[in-house]
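Computed over heavy atoms, backbone and side chain alike; hydrogens, waters and symmetry mates excluded.
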Amino acid sequence: MIAEERGRVEGEFRALAWRRASLRALEGAGAGGREERLVLLAGAQDGGAAHDCVVRFWQRILAPLPRRHIDAWVCWNVPEPPAEPSVEEVVAYAELAALAADTEVNEVVRQQYWRDRPELIRDPRKLYLEVGGVMTDVVPLVSEGVGPRAGSELDRFVAAHARARGERDSPRFRARLLTNATDTDHRIQRYWALTGRLFGPRITIGLAHDWIYHALARSTPASS
C-alpha cells in the first residue's frame, strides 16, 4: 500500500512539473507566439500522454514486426519524458508528439524505414534484424565523425533489402532503394533533431539512417 501510494504521489509530482514547465513556456513565448505555442502544448498536456502518442506512432510504422521487437525498438529510440522538464524540453517533446500525430509524417517515415515497394518484403523481421545490425555498426562511425561512404556497412544494408525482396545487390537495385526516398524530408530531419535534443549526446538511430542514405545516394550514379 505504501509503494502504491508513493507511486501515485510521484506521478502527481511529475504531472505538476510538466504543467509548470508548460506554463513557463507560454509565459516565455511572447504575445506574438503565445497562441501557436498554446496549440502545440495543448496536444501534450502531460508527459505520459505525449510519450504514448510517440509510441503509437512507431507501433504503426513497425506493425509488420512481432510486438517484442517493437517494444525493444521503442525502449531504445523513444525518449522518456523528463521527470523535471525544462521549458525547452517540454516544447521539444510537444513538437515531437505533434509530428507523431501527423498522418503524413507516418507515411514519409514508413517510406524511409522500409524503402520502396515494401509489399515485396518477404520476412520483415529478418530485414529488421539485419538492418539493425548495420545501424549498430554505423552509430560509432557517426560518433567518430566519419562521413558517409561506400563500404561494408552500405553493402550489408543493400544486401539485406535485396534478400528481403528475393533480389540481388546491383546498381539498378540500389537506384530503386532511392526511389521516392523521403530521408531528406524536413519533418523527418526535425523529428530526429528533437529526439537528439531530448536524448542528449547519444547518437540516434535517425542519424545512423541518414548516414546510410547519404552513403547510398553518393555511391549510386542514378541518384545524381
Side-chain angles (χ1 to χ4, degrees), residues 7-63 70-113 135 138-139 142-143 145 181-211 213-214:
R8 184 185 67 80
V9 171
E10 288 177 351
E12 291 178 355
F13 273 118
R14 285 194 296 271
L16 287 170
W18 189 273
R19 289 175 60 190
R20 180 181 60 190
S22 297
L23 290 170
R24 289 175 175 171
L26 288 172
E27 289 174 346
R34 190 163 293 159
E35 183 176 352
E36 181 180 353
R37 182 161 288 184
L38 179 60
V39 172
L40 177 67
L41 294 173
Q45 295 187 24
D46 66 79
H51 181 262
D52 290 345
C53 178
V54 179
V55 169
R56 288 193 298 271
F57 170 76
W58 284 108
Q59 287 173 340
R60 293 190 294 269
I61 298 295
L62 302 173
I70 296 176
D71 290 345
W73 198 98
V74 164
C75 182
W76 183 248
N77 294 290
V78 175
E80 291 285 341
E84 293 282 346
S86 66
V87 167
E88 293 76 15
E89 288 171 332
V90 161
V91 172
Y93 216 111
E95 189 177 344
L96 197 67
L99 286 168
D102 188 328
T103 55
E104 291 185 4
V105 175
N106 184 287
E107 291 303 315
V108 296
V109 173
R110 186 187 300 275
Q111 174 72 13
Q112 181 199 30
Y113 198 88
M135 297 303 161
V138 168
V139 164
V142 176
S143 181
T182 58
D183 301 77
T184 58
D185 188 287
H186 69 94
R187 292 162 296 186
I188 291 179
Q189 298 295 317
R190 183 61 178 166
Y191 178 93
W192 288 112
L194 291 166
T195 299
R197 187 180 303 174
L198 291 161
F199 270 141
R202 197 172 96 189
I203 301 299
T204 66
I205 193 70
L207 288 176
H209 272 284
D210 197 55
W211 191 98
Y213 165 74
H214 285 289

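- Pairing each heavy atom of D46 with each of A49, the nearest pair is OD1-N, 2.8 Å.
- A 4.5 Å side-chain heavy-atom check between I188 and D183 finds every atom pair outside the cut-off.
- Judged by distance alone, the side chain of R37 and the main-chain N or O of A25 form a donor-acceptor pair under 3.5 Å.
- Minimum heavy-atom separation, R19 to Q45: CG-O, 4.5 Å.
- Between the R14 side chain and the A83 main chain, no donor and acceptor come within less than 3.5 Å of each other.
- Counting non-hydrogen atoms of neighbouring residues, nucleotides and ligands closer than 6.0 angstrom, the CD atom of Q189 exceeds 12 such neighbours.
- Of all the heavy atoms in P85 and A21, the pair that sits closest is O-CB, 3.5 Å.
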Exercise. Could you go step by step and tell me if W76 and I205 meet the side-chain contact (heavy atoms from CB on, under 4.5 Å) rule?
Worked result: CA-CA 9 Å; W76 183 248; I205 193 70; 6.0 Å; no

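- Nearest approach of V87 to R24, heavy atoms of both residues: CG2-CB, 3.5 Å.
- Enclosure of atom CD in E36 is not indicated, since only 12 or fewer non-hydrogen atoms of other residues, nucleotides or ligands lie within 6.0 angstrom.
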Exercise. Are I61 and N106 close enough, and set up right, to give a side-chain contact (heavy atoms from CB on, under 4.5 Å), and what steps lead you there?
Worked result: CA-CA 7 Å; I61 298 295; N106 184 287; 3.9 Å; yes

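- W58 and W192 have tilted rings, their planes meeting at an angle from 30° to 60° on a 0 to 90° scale.
- In plain terms, the two heavy atoms of S143 and I203 that are nearest each other are CB-CG1, 4.0 Å.
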For this session: Check the pair L62, Y113 against side-chain contact (heavy atoms from CB on, under 4.5 Å), reporting the backbone distance first and the verdict last.
Result: CA-CA 9 Å; L62 302 173; Y113 198 88; 3.7 Å; yes

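- Once rounded to the nearest 0.5 Å, the distance linking CD1 of I70 with CZ of R60 reads 11.5 Å.
- By the 4.0 Å N-to-carboxylate-O rule, R190 lies close enough to E95 to be salt-bridged with it.
- Note: Y93 and H51 have tilted aromatic rings, judged against thresholds of 30 and 60 degrees for the angle between ring planes.
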For this session: List the steps, then state whether side-chain contact (heavy atoms from CB on, under 4.5 Å) holds for R197 with L194.
Result: CA-CA 5 Å; R197 187 180 303 174; L194 291 166; 4.1 Å; yes

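- The closest donor-acceptor contact from the side chain of E89 to the backbone of S86 lies under 3.5 Å.
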For this session: Check the pair R20 / E84 against salt bridge (charged side-chain N to carboxylate O under 4.0 Å, His left out), numbers first and verdict last.
Result: CA-CA 10 Å; R20 180 181 60 190; E84 293 282 346; 3.0 Å; yes

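- Inter-residue side-chain proximity for M135 and W211 is flagged as unmet; no heavy-atom pair is nearer than 4.5 Å.
- The shortest side-chain heavy-atom distance between T204 and F199 falls under the 4.5 Å cut-off.
- Of the possible polar contacts, none joining the W18 side chain to the G48 backbone as a donor-acceptor pair under 3.5 Å is found.
- The number of heavy atoms from other shown groups lying within 6.0 Å of CZ (R202) is above 12.
- For L41 against S22, the heavy-atom pair with the smallest separation is CD1-O, 3.6 Å.
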